[in-house]
Amino acid sequence: SQELNCSQEKFSVEHIFTLKGIAILLGGGLLIGFGTRWANGCTSGHAISGLSDLQLPSLVAVIGFFIGGLVMTHLLIPIIFK
C-alpha cells in the first residue's frame with residue numbers, strides 16, 4: 001500500500017544518514033540521556049521495577065512514556081520527515 005511505502009521510505013537506512021536524520025538521532029539521544037539523569041533512572045527501570053511494586057508514580061511515568069511515543073510517532077515524525 002502507499003502508506004507502507006511512505007513509512008518504509010521515512011525509516012530507511014539511507015534516510016538516517018542524511019543531515020536531518022543524524023540531527024534527529026543526536027537530539028533524541030540527548031533528550032533521553034537528560035531525562036534519564038534527571039529522573040535518576042531510565043524508562044525500562046520505571047516500567048519493570050515500579051510497576052512490579054505497584055507504584056502509582058511509575059504507572060504515571062510509563063503512561064507518559066507511551067503517550068510521548070505515540071505523539072512522536074503519529075504527529076511529530078510525519079511533520080519532521082515531510
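Computed over heavy atoms, backbone and side chain alike; hydrogens, waters and symmetry mates excluded.
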Same apolar cluster: Leu30 and Phe34, side chain cutoff 4.5 Å: no
Cluster overlap Ile67 with Leu75, hydrophobic side-chain contacts below 4.5 Å: yes
Atom pair OG1 (Thr18) and CZ (Phe81), whose distance is rounded to the nearest 0.5 Å: 7.0 Å
Same apolar cluster: Ile24 and Ile22, side chain cutoff 4.5 Å: no
Same apolar cluster (I L V M F W Y, side chains within < 4.5 Å links), Leu26/Leu31: no
Derivation of the side-chain contact (heavy atoms from CB on, under 4.5 Å) call for Ile80 and Met72: CA-CA 10 Å; Ile80 292 169; Met72 185 67 182; 4.0 Å; yes
Spacing of CG belonging to Leu51 relative to CG belonging to Leu54, to within rounding of 0.5 Å: 8.0 Å
Euclidean distance, Asp53 CG relative to Leu59 CG, rounded to 0.5 Å: 13.0 Å
